[in-house]
Engineer: 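Take this structure first; my questions come after.
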Amino acid sequence: MSGSQADKMAKIVSLCKRRGFIFQSSEIYGGLNSCYDYGPLGAELKSRVKSLWMDSMLREHENIKALDSSILMHPKIWEASGHVSNFTDPLVDCRTCKARFRADQLDLSSCPKKPSKKPGECEGEFTEARQFNLMFRTFMGPLQDESAVVFLRPETAQGIYVNFLNVMTSSRQKIPFGIAQIGKAFRNEITPGNFIFRMREFEQMEMQYFVKPGEDMASFEEWKEKRMQWHLAMGIRKEKLRFHEHGPKELAHYAKAAFDIQYEFPFGWQEIEGIHHRSDFDLKQHEKFSGKRLSVHDVDTKESYTPFVVETSVGCDRALLTLMVDAYGEEQVEAKEGEEGGQRVVLRFSPRVAPVQLAVFPLLKKPELQERARKIHQDLKKTYRLEFDESGSIGKRYRRVDEIGVLSAVTVDFETDSVTVRDRDSMKQERVGVEQLPAYLAERLIT
Ligand code: GAP
């Protein structure tokens, strides 16, 4: 990462803390590496991301149903899925500084002793590479022996496969249909990093679409496009998104074809979502390991078959980081119309994503202004995610709302039948009649 790009990431991390988006987990104890807590605005933003994803699945498709399966599952599931034997990364240790690296990602790491150098470019010498399983193991019940071992799920998808028939029959679905789930996943990553990009505890939003063999490739193409459209609809700039097709060496053990959607972060083009053609691998494996039938029977054609699966899998935290990075901007501003001069930082969230869409300010702390501003706040709060702020100069309040991505700021002054509305992006202020305010805002904020 170049100096200016590293600087941009550092500024985003700092803004996240300062404004209450994201905090280091267990900070007062020195922090827990690769784990993060979402503060008030981060929690709101995350819940926006999740609901916009779930809506795009459930509200736009009658044949997609939700699921919330448990994190702890029967340990045999991870044998069947291949995670016990295959979910590994090659690991090397540096004999000099004792740091551990992913052998296949040395060029993305840096030496902890000499951060300007990559591991191996210093005088360090590596051990032989060995495979390291990324699943977290724990014990269920009072015995702590091998018979009590369970895993924290490394992906939410397996909970969907093992419930495939439960969902299909209980919700009276026929192939093709999908199951959508949002939930925590855990991976003991060797080299977590880049803030919330690679974490050890994170959240996934996964949808498995079950299709008849023969209709799989058309469905795969359709989901690829739909998922790219979703990122664009979140307001992400088109030129910062691209597809990356997995070559034979990159394909996961279960995949017949796979594309990533990548975003250009300050640290380079990186995966934010995977669209995978998983064939009938998972259902067949669970049939084999559980001894239970997981095929379907088509009463019209009298055929029985195991469906193929098209999976869309996006990290919620990664989608959120994409939004933060894409929205972040800095610019020089002249002092005028209540604006403070100097550099302003602005998050240009789209209206559907912004955790706070609107702010209402009394110009001064005077009872008559406060009362009228409170009334406007009260009238609008059912329609918008909004904030009321009466402390500090108006210029400071504008700066703060820019930094958290608020689209419009309504200021109540001594004009009794009108207010000013300041636009985040243009910083222009317009005088709007109190009566006309709901329609004026609806045009700008309801998407
Ligand atoms: N079920 C398929 C699956 O889990 P994956 O490519 O390993 O596929 C899917 O993960 C998505 O989950 C990734 O595109 C990324 O957005 C997110 N993800 C994976 N590992 C992550 C980590 N350590 N931290 C944050 N997000 C992660």
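In each ligand, atom 1 is the first atom listed, and ligand 1 is the first ligand listed. Each residue takes its place number in the sequence, starting with 1.
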Engineer: Is it the case that ligand 1 has an N or O less than 3.5 angstrom from some N or O of Glu311?
Structural biologist: yes
Engineer: Just distances here: any N/O of His276 and N/O of ligand 1 closer than 3.5 Å?
Structural biologist: no
Engineer: Of all the non-hydrogen atoms in the protein, which one sits nearest to atom 9 (C) of ligand 1, and at what distance?
Structural biologist: Ser313 OG, 3.0 Å
Engineer: Do you know the tightest heavy-atom contact between Glu330 and Tyr328?
Structural biologist: OE2-OH, 2.8 Å
Engineer: Who's closest to atom 25 (C) of ligand 1 heavy-atom-wise, of Tyr263, Phe197, Phe186?
Structural biologist: Phe197
Engineer: Which residue owns the protein heavy atom closest to atom 15 (C) of ligand 1, what's the atom, and how far is it?
Structural biologist: Arg318 NH1, 3.5 Å
Engineer: Would you say Phe202 and ligand 1 have an N/O pair spaced under 3.5 Å apart?
Structural biologist: no
Engineer: Quick one: closest heavy-atom pair of Ala129 and Ala103, and the distance?
Structural biologist: CB-CB, 4.3 Å
Engineer: Please compare Arg200, Gln204, Arg278 and report which has the shortest non-hydrogen distance to atom 10 (O) of ligand 1.
Structural biologist: Gln204
Engineer: Hey, which atoms in ligand 1 end up nearer than 4.0 Å to a heavy atom of Glu206?
Structural biologist: 1 (N), 2 (C), 3 (C), 4 (O)
Engineer: Among Glu221, Glu60, His61, which one satisfies side chain to side chain donor-acceptor pair (under 3.5 Å) with Lys226?
Structural biologist: His61
Engineer: Is any N or O atom of Glu189, backbone or side chain, closer than 3.5 Å to an N or O atom of ligand 1?
Structural biologist: yes
Engineer: For residues Ser426 and Asp423, is any side-chain donor paired with an opposing acceptor at under 3.5 Å?
Structural biologist: yes
Engineer: Going by the order shown, which atoms of ligand 1 are within less than 4.0 Å of some heavy atom of Tyr254?
Structural biologist: 2 (C)
Engineer: Does the cation-pi check pass for Lys17 over Phe23, that is, NZ or CZ under 6.0 Å from the six-membered ring centre and within 45° of its axis?
Structural biologist: no
Engineer: Under 4.0 Å, heavy-atom basis, I'd like to know which part of Gln158 is in contact with ligand 1: side chain, backbone, both or neither.
Structural biologist: neither
Engineer: Any nitrogen or oxygen of Ile272 lying under 3.5 Å from a nitrogen or oxygen in ligand 1? Just yes or no.
Structural biologist: yes
Engineer: Among side-chain atoms of Glu303 and Thr301, is any donor-acceptor pair under 3.5 angstrom?
Structural biologist: yes
Engineer: If the threshold is 4.0 Å, N to carboxylate O, is there a salt bridge linking Glu146 and Arg137?
Structural biologist: yes
Engineer: Counting each atom of ligand 1 from 1 as listed, which ones have a heavy atom of Glu155 under 4.0 Å away?
Structural biologist: 1 (N), 2 (C), 3 (C), 4 (O)
Engineer: Which heavy atom of Arg200 sits nearest a heavy atom of Ile190, and at what distance?
Structural biologist: NH2-O, 3.8 Å
Engineer: Measure from atom 19 (C) of ligand 1 to every heavy atom in Met199, Glu203, Arg187 and give the option owning the shortest one.
Structural biologist: Arg187
Engineer: Heavy atoms, side chains only, cut-off 4.5 Å: are Trp269 and Arg242 in contact?
Structural biologist: yes
Engineer: Checking a contact table here: which protein heavy atom is nearest atom 14 (O) of ligand 1, and how many Å away?
Structural biologist: Glu271 OE2, 2.5 Å
Engineer: Give the numbers and elements of all ligand 1 atoms closer than 4.0 Å to a heavy atom of Glu273.
Structural biologist: 14 (O)
Engineer: Using every non-hydrogen atom in the two residues, find where Thr312 and Met57 come nearest and quote the distance to one decimal.
Structural biologist: OG1-CE, 3.9 Å
